[in-house]
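Inspection log for the structure reproduced underneath, given as structure tokens.
Lettering of chains follows the sequences in order, A, B, ..., and the numbering in each one begins at 1.
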2 protein chains.
Amino acid sequence: MRGVVRDKEATKAKLLDAAMDEFAQYGIAGARVDRIAAKAGCNKAMIYAYFGSKEGLFDELLKIQIDRMIQQVPITPDDLPGYAGRLFDSYRDQPQLLRLAAYHRLENGFEAVPAAEAEAYRHKVEAIGRAQMEGKISAEFNANDLLDMVVHMSILAFTTPNATRALVERSVSRLIAE
Amino acid sequence: MRGVVRDKEATKAKLLDAAMDEFAQYGIAGARVDRIAAKAGCNKAMIYAYFGSKEGLFDELLKIQIDRMIQQVPITPDDLPGYAGRLFDSYRDQPQLLRLAAYHRLENGFEAVPAAEAEAYRHKVEAIGRAQMEGKISAEFNANDLLDMVVHMSILAFTTPNATRALVERSVSRLIAE
DNA sequence: TTCTGACAACTAACCGGTTGGTTGACAAGG
DNA sequence: CCTTGTCAACCAACCGGTTAGTTGTCAGAA
């Protein structure tokens, strides 16, 4: 075929791409739909045709990005320091995702956790619980708290600009030491 | 006419109070100056007379709140778990401050650290360094990284709604264990 | 192969409401 | 009277969202 001029999926992809930059930089309230449309080289009305609203665009974008991150960094319950380290690297390589998530939590409340994220979290807690029962890692902390802290350490990439992967890994090692 | 007391400082205080609620809830971009004025029972023009702009109001508010927190929770280098625990409690009792700081960092970049905060941080790093040289705490992590992590653990109050002070204290204990 | 009509993709212009910020008048206190 | 804190009214720019109309694509009739 010749160069496709009209392609719904391509247009949605361009909009999502532009939305990533805009929302990560300005947040939901600060983002401007006109800027997103301009950056995507599309008409503003396409946002409303394909995503319903500014918030609809944000929600779909966040869901896609979270799914990607979940698939990209699988948990390794018997190597939590390594898991934290890989999460840290992913976050540092794609700082926009954490900014997106931070804005989402700030503006929508901390209970508004996307379903995909909540479910993935549950599976990870179970995996850690099994590893504890098998005696592979310390049982001083319960599985839920442990995952909270491992994830929390990995977002040093977001909080502390000069943090390193090695620092995160050593910290988690100490947390789970017998 | 009405029994209005004319008091510049009282008006500024009411505006700062209302601004705290508004900025913490909606962020800088999402905050509405009309709502702030209404909540303070003042006229919108007062904001511009006393603080210059919406951003000016936010900056002064953040500075005041940070100074208060710094004074309220002094560091105890030879009891870092306790320090993290007290920070955690403060943050949980006044969730608005962390929301304010989060919005500020997201919208202004992570290098834009208020001067008062940066200086207080330096003093704390030095205090930890001394405690390490005196052998009071582990020297596995350098003082700067250690403070980063202690502060980072304390903001579990912000990241993880069901976290407890005991969890934070135990975590920091493990981080600094010999 | 060429034409065509129906539909989906797209666009420019527009709309009502909102926003940060300003101003001129006025009243309280000295 | 003069200074100053206060306020209602106002403004220009902006913003999210809509709509009437245009254009590209392609199945299928000729």
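In this view, A/Arg99 satisfies the side chain to side chain donor-acceptor pair (under 3.5 Å) rule with no residue, not counting sequence neighbours. Shown here are the ring-ring contact (aromatic ring centres under 6.0 Å, His included) partners of A/Phe51, two or more places apart in sequence or in another chain: there are none. B/Lys14 is linked by a salt bridge (charged side-chain N to carboxylate O under 4.0 Å, His left out) to nothing, counting only residues two or more places apart in sequence or in another chain.
Applying the ring-ring contact (aromatic ring centres under 6.0 Å, His included) test to pairs two or more places apart or on separate chains, none has a residue in residues 159-178 of chain A.
With rounding to whole Å, A/Arg6 atom CZ is found 7 Å from D/dT25 atom P. Here C/dA8 presents its P atom at 11 Å from OH of A/Tyr50, a figure rounded to the nearest Å. Atom-to-atom, CZ of B/Phe51 to P of D/dT6 comes out at 12 Å; the value is rounded to the nearest Å. Rounded to a whole Å, the CZ atom of B/Phe58 is 20 Å from the C1' atom of C/dG21. As rounded to whole Å, 15 Å separates atom P of C/dG21 from atom CE of B/Met46. For the pair A/Lys12 NZ and C/dA9 C1', the computed distance is 13 Å after rounding to whole Å. Rounded to whole angstrom, the span from the CD1 atom of B/Ile47 across to the C1' atom of C/dT22 amounts to 13 Å. Rounded to an integer number of Å, the gap from B/Glu22 CD to C/dG20 C1' is 13 Å.
An OP1 or OP2 oxygen of D/dA8 is reached within less than 4.0 angstrom by a side-chain nitrogen or oxygen of B/Asn43. A close approach under 4.0 Å does occur between a side-chain nitrogen or oxygen of B/Thr11 and OP1 or OP2 of D/dT6.
With A/Phe141 as the aromatic partner, B/Arg174 does not meet the cation-pi criteria of under 6.0 angstrom to the ring centre and within 45 degrees of the ring axis.
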Let me have a per-nucleotide readout for nucleotides 10-17 of chain D, 5' to 3', with B, S or -, counting only protein heavy atoms under 4.0 Å.
-----SBB

Which pairs of donor and acceptor atoms, one on a side chain in residues 72-89 of chain A, lie under 3.5 Å apart (sequence neighbours left out)?
| from | atom 1 | to | atom 2 | distance (Å) |
| --- | --- | --- | --- | --- |
| A/Thr76 | OG1 | A/Asp79 | O | 3.0 |
| A/Thr76 | OG1 | A/Arg86 | NH2 | 2.8 |
| A/Asp79 | OD1 | A/Gly82 | N | 3.1 |
| A/Tyr83 | OH | A/Lys124 | NZ | 3.3 |
| A/Asp89 | OD1 | A/Arg92 | NH2 | 3.2 |
| A/Asp89 | OD2 | A/Arg165 | NH1 | 2.4 |

